[in-house]
K.L.:
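Quick one: structure below, then a few questions.
Whatever order the structure lists ligands and atoms in, that order sets their numbers, starting from 1.
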Amino acid sequence: MIKFLDLKAINDQYRDELNHAMQNVLDSGWYIKGQSVKDFEYNFAKYCDVECCVGVANGLDALILIFKALIIQGKLKEGDEVIVPANTYIASILALTENNLKPILVEPDVSSFNLSIESIKSNMTSQTKAVLAVHLYGQSVEDVSDFCKDNNLLLIEDAAQAHGAENAQGKKTGSFGIAAGFSFYPGKNLGALGDAGAVTTNDKDLAGLISQLGNYGSEKKYHNSQQGVNSRLDELQAAILNVKLKYIDQEIVKRREAALYYQKHINNPKIQKPNWNIEVNNHVFHLYVIRCQQRDILQTYLQDKGIQTVIHYPIPPHQQKAYSDWNTLSFPKTEQIHKEVLSLPISPIITKEEQDQVIQALNAF
Ligand SMILES: *Cc1c(COP(=O)(O)O)cnc(C)c1O
């Protein structure tokens, strides 16, 4: 059986170091906002080439708190339009509707699954105040920052799937715009052993405000200047992330090697492979996503051969019950993507033998 993702085996690589890190937290006697969180915020900011990082409870909260803070700062107001790709994971959209912002769903560029300058241009109106760029599947969005600046649009990134990816100019995800949300959900490329997330930004005031908002709105214990929430990165997860961050770049190299191997050897006219710029580090392969018109048949066929795959995602946000007002909207490219995509097993520890089995099965389909 080839698992889609063997998280236990991935974490087992670092078992001794992780145990040691957890033991240190236990022994410290300090379990919230301690040294591990401080260290991780420093380390991750450095990793993303930004001034500030604020640990929060999960990736969705990271995005929700960014928009909440921008509204408090007066940079956005309720009802403002925010451009977001229609084919994203629902969390990107929830972060907007939670803040009473108006998502403007746009069709992605089908070759990258990401939004493009073109798609922003053709969908912006005088009410459009921001763009939420999602680096889907681990592939960096093209550099839309100059375009956003020139058009007075705030650029926010959903970098939950793309730790360490860079655009063609070498700019790290998390450093493109005013702020970015990251997730360290266990299955993400940088994964904790539970929920965790972070915001990165070069704006110290914004970072300070988000940090307060995630800690009951308090600047100082029991002095509350905002109506905040409780969304903190916990000490234990931060200690784990400090260990795993040391290895992310070597893991990205392995993911990219695995992706190139698939790319070279999968050869079946029924299967469409992903496109990316192999000259630069613009895709960190959180997911290796193929397209096939007979996707459901293909998935069952692979399952019968002992190969696990996952669909990211089966239903686009505008067709979800949660957004019933949008159910009559039509996004043909997005709907087609959701009918055809299939994510193959990929990880830093996938073996050539496992990949050969997947490739053989695909080529025989
Ligand atoms: C995982 C993910 C999130 C949410 O992260 P959580 O930590 O699960 O809350 C947001 N956006 C995208 C694109 C994601 O993949």
Side-chain angles (χ1 to χ4, degrees), residues 4-5 7 40 44 48 53-68 82-99 101 103 105-106 108 112-115 130-141 155-165 173-174 176-177 179-200 210 213-214 229-234 236-238 240-241 244 255 283-289 310-318 320 322-323 334 337-338 341 343 346-347:
F4 174 69
L5 184 65
L7 278 181
F40 180 72
F44 197 64
C48 297
C53 168
V54 181
V56 295
N58 55 64
L60 174 58
D61 280 0
L63 294 169
I64 290 176
L65 292 175
I66 290 170
F67 287 104
K68 193 173 165 74
V82 182
I83 286 180
V84 61
N87 61 318
T88 187
Y89 180 54
I90 196 144
S92 322
I93 316 279
L94 289 169
L96 301 176
T97 53
E98 177 69 23
N99 281 294
L101 294 161
L105 305 176
V106 307
S112 65
F113 301 108
N114 279 335
L115 57 67
V131 173
L132 177 53
V134 185
H135 306 290
L136 204 64
Y137 304 152
Q139 183 168 23
S140 164
V141 170
L155 174 61
I156 297 96
E157 294 167 81
D158 180 341
Q161 301 187 357
H163 324 70
T173 57
F176 287 26
F182 282 90
S183 166
F184 310 115
Y185 177 80
K188 300 286 159 85
N189 285 15
L190 180 57
L193 303 185
D195 276 313
V199 173
T200 56
I210 289 170
L213 287 172
V229 297
N230 177 354
S231 180
R232 299 177 293 224
L233 171 59
D234 77 57
L236 200 50
Q237 300 304 339
I240 287 155
L241 289 167
K244 293 191 71 182
R255 281 176 182 274
H283 202 325
V284 293
F285 290 97
H286 172 55
L287 300 170
Y288 181 93
V289 179
V310 179
I311 297 166
H312 296 94
Y313 300 90
I315 306 168
H318 73 277
Q320 298 282 359
Y323 291 113
T334 294
I337 287 172
H338 285 74
V341 289
S343 306
I346 193 164
S347 81

K.L.:
Please indicate whether any nitrogen or oxygen in Thr88 is less than 3.5 Å from any nitrogen or oxygen in ligand 1.
P.N.:
no
K.L.:
Checking ring-ring contact (aromatic ring centres under 6.0 Å, His included) for the pair His338/Tyr313: CA distance, chi angles, key distance, verdict?
P.N.:
CA-CA 6 Å; His338 285 74; Tyr313 300 90; 7.1 Å; no
K.L.:
Starting from atom 15 (O) of ligand 1, locate the nearest protein heavy atom and write down its residue, its atom name and how far away it is, to 0.1 Å.
P.N.:
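Atom 15 (O) of ligand 1 sits closest to the protein heavy atom Gln161 NE2, 2.8 Å.
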K.L.:
Quickly, which of Thr97, Leu94, Thr88 forms a side chain to side chain contact (heavy atoms under 4.5 Å, CB included) with Pro103? Name it, please.
P.N.:
Thr97
K.L.:
Taking atom types as modelled, is there a side-chain donor on Ser231 or Asp61 under 3.5 Å from an acceptor on the other?
P.N.:
yes
K.L.:
Quick one: which of Phe285, Tyr288, Phe113, Tyr89 gives a ring pair (Phe, Tyr, Trp, His ring centres under 6.0 Å) with Tyr137?
P.N.:
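Checked Phe285, Tyr288, Phe113, Tyr89 against Tyr137; only one passes ring pair (Phe, Tyr, Trp, His ring centres under 6.0 Å): Phe113.
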K.L.:
Looking only at N/O atoms, are Ser183 and ligand 1 under 3.5 Å apart anywhere?
P.N.:
yes
K.L.:
Given His312, His286, Lys188, which one has a non-hydrogen atom that is nearest to atom 2 (C) of ligand 1?
P.N.:
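Nearest option to atom 2 (C) of ligand 1, by heavy atoms: Lys188.
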K.L.:
Looking only at protein heavy atoms, which one is nearest to atom 9 (O) of ligand 1, and how far off is it?
P.N.:
Leu60 N, 2.8 Å
K.L.:
Between the side chains of His286 and Asn189, does any donor sit under 3.5 Å from an acceptor?
P.N.:
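Per modelled atom types, His286 and Asn189 side chains form a pair under 3.5 Å.
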K.L.:
Could you identify the single nearest non-hydrogen protein atom to atom 10 (C) of ligand 1 and state the distance to 0.1 Å?
P.N.:
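The answer is Ala91 CB, 3.3 Å.
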K.L.:
When you measure from atom 12 (C) of ligand 1 to each heavy atom in Ser92, Gly187, Gly59, Ala160, which option holds the nearest one?
P.N.:
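Minimum heavy-atom distance to atom 12 (C) of ligand 1 goes to Ala160.
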K.L.:
Can you tell me if His135 and Gln161 form a side-chain donor-acceptor pair at under 3.5 Å?
P.N.:
no
K.L.:
Which protein non-hydrogen atom lies closest to atom 11 (N) of ligand 1, naming both residue and atom, and how far is it?
P.N.:
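Checked against all protein heavy atoms, atom 11 (N) of ligand 1 sits closest to Asp158 OD2, 2.7 Å.
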